[in-house]
Asks: 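Quick one: structure below, then a few questions.
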Amino acid sequence: MATAVVKSKITKRSQTTIPRAVKNALHLGTGDELGYVIEGNEVRLVNAAMEDHDDPLVTHFLAFLAADAQAHPQLLSSFPPALLAQMQALSAGVIIDHDAEIVGETAL
């Protein structure tokens, strides 16, 4: 993916005009909301409506789980505290960057 730097000036009132290239890339129109994702010392602009967009597959899966839980409440159980403690001990101090690229072959 090509990287382009598009600039706009900030006014004394902290206002700016969103460049056409940015509006087009984010599919923004009049009345749309712009989101700011702050990651360390960088800020990523996003179409706020797209960030809130529901994934239809996840929506259907969650509906399936809810229906199954309601139909079979006797199958539900709480998460065992000992298993939680073991997972917390095993992952203590582990830092995971969920946004990092996966490099090379990875078994999922």
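The first residue of the sequence shown is numbered 1, and numbering continues consecutively from there. Remember, predicted model here, so these are calculated numbers, not experimental data.
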Asks: Can you tell me how far apart CG (Leu34) and NZ (Lys23) are? Round to the nearest 0.5 Å.
Replies: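 So the CG of Leu34 and the NZ of Lys23 are separated by 11.0 Å.
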Asks: Nearest 0.5 angstrom please: Leu26 CG to Asp32 CG, how far?
Replies: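 Rounded to the nearest 0.5 Å, the CG-CG separation comes to 10.0 Å.
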Asks: By the side-chain hydrogen bond (donor to acceptor under 3.5 Å, both in side chains) test, which pairs, at least two apart or in different chains, include something from residues 66-82?
Replies: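 Checked against side-chain hydrogen bond (donor to acceptor under 3.5 Å, both in side chains) - neighbours excluded - no pair reaches residues 66-82.
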Asks: In the single-linkage hydrophobic clustering (I, L, V, M, F, W, Y; side-chain heavy atoms under 4.5 Å), do Val46 and Val43 co-cluster?
Replies: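 No, it is not one cluster - the side chains of Val46 and Val43 are not joined through contacts under 4.5 Å.
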Asks: Taking atom CZ of Phe79 as the centre, report whether more than 12 heavy atoms of other residues, nucleotides or ligands fall under 6.0 Å from it.
Replies: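 Above 12, so yes.
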Asks: Tell me whether Leu84 at atom CG has more than 12 heavy atoms from other residues, nucleotides or ligands lying less than 6.0 Å away.
Replies: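 Result for CG/Leu84: enclosed.
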Asks: With sequence neighbours excluded, tell me which residues meet side-chain contact (heavy atoms from CB on, under 4.5 Å) with Ser8.
Replies: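 For Ser8, the residues satisfying side-chain contact (heavy atoms from CB on, under 4.5 Å) (neighbours in sequence not counted) are Thr16, Pro19.
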Asks: Among Ile, Leu, Val, Met, Phe, Trp and Tyr joined by side-chain contacts under 4.5 Å, find the other residues sharing a cluster with Ile10 and list them by chain and number.
Replies: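 In the cluster with Ile10 there is nothing else; it is isolated.
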Asks: How far does CD of Glu33 sit from CG of Leu28, to the nearest 0.5 angstrom?
Replies: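 Going from the CD atom of Glu33 to the CG atom of Leu28 covers 10.5 Å.
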Asks: Leu62: what forms a side-chain contact (heavy atoms from CB on, under 4.5 Å) with it, not counting sequence neighbours?
Replies: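 Partners of Leu62 by the side-chain contact (heavy atoms from CB on, under 4.5 Å) criterion, ordered by chain and then number, come out as Val58, Leu65.
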Asks: Enumerate, atom names and distances included, each donor-acceptor pair closer than 3.5 Å involving a side-chain atom of residues 87-100, sequence neighbours excluded.
Replies:
{"from": "Ser91", "atom 1": "OG", "to": "Met87", "atom 2": "O", "distance (Å)": "2.8"}
{"from": "Asp97", "atom 1": "OD1", "to": "Asp99", "atom 2": "N", "distance (Å)": "3.0"}
{"from": "Asp97", "atom 1": "OD1", "to": "Ala100", "atom 2": "N", "distance (Å)": "3.4"}

Asks: My understanding is that only residues two or more places apart in sequence, or in another chain, count here; which of them pass side-chain contact (heavy atoms from CB on, under 4.5 Å) with Thr11?
Replies: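 Once residues adjacent in sequence are excluded, the partners of Thr11 under the side-chain contact (heavy atoms from CB on, under 4.5 Å) criterion are Arg13, Gln15.
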Asks: Would Phe61 and Leu75 show up in the same hydrophobic cluster when neighbours are defined by side-chain heavy atoms closer than 4.5 Å?
Replies: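 Different hydrophobic clusters.
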Asks: Glu42: what forms a salt bridge (charged side-chain N to carboxylate O under 4.0 Å, His left out) with it, not counting sequence neighbours?
Replies: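 Testing Glu42 for salt bridge (charged side-chain N to carboxylate O under 4.0 Å, His left out), a comparison that skips the adjacent residues, returns none.
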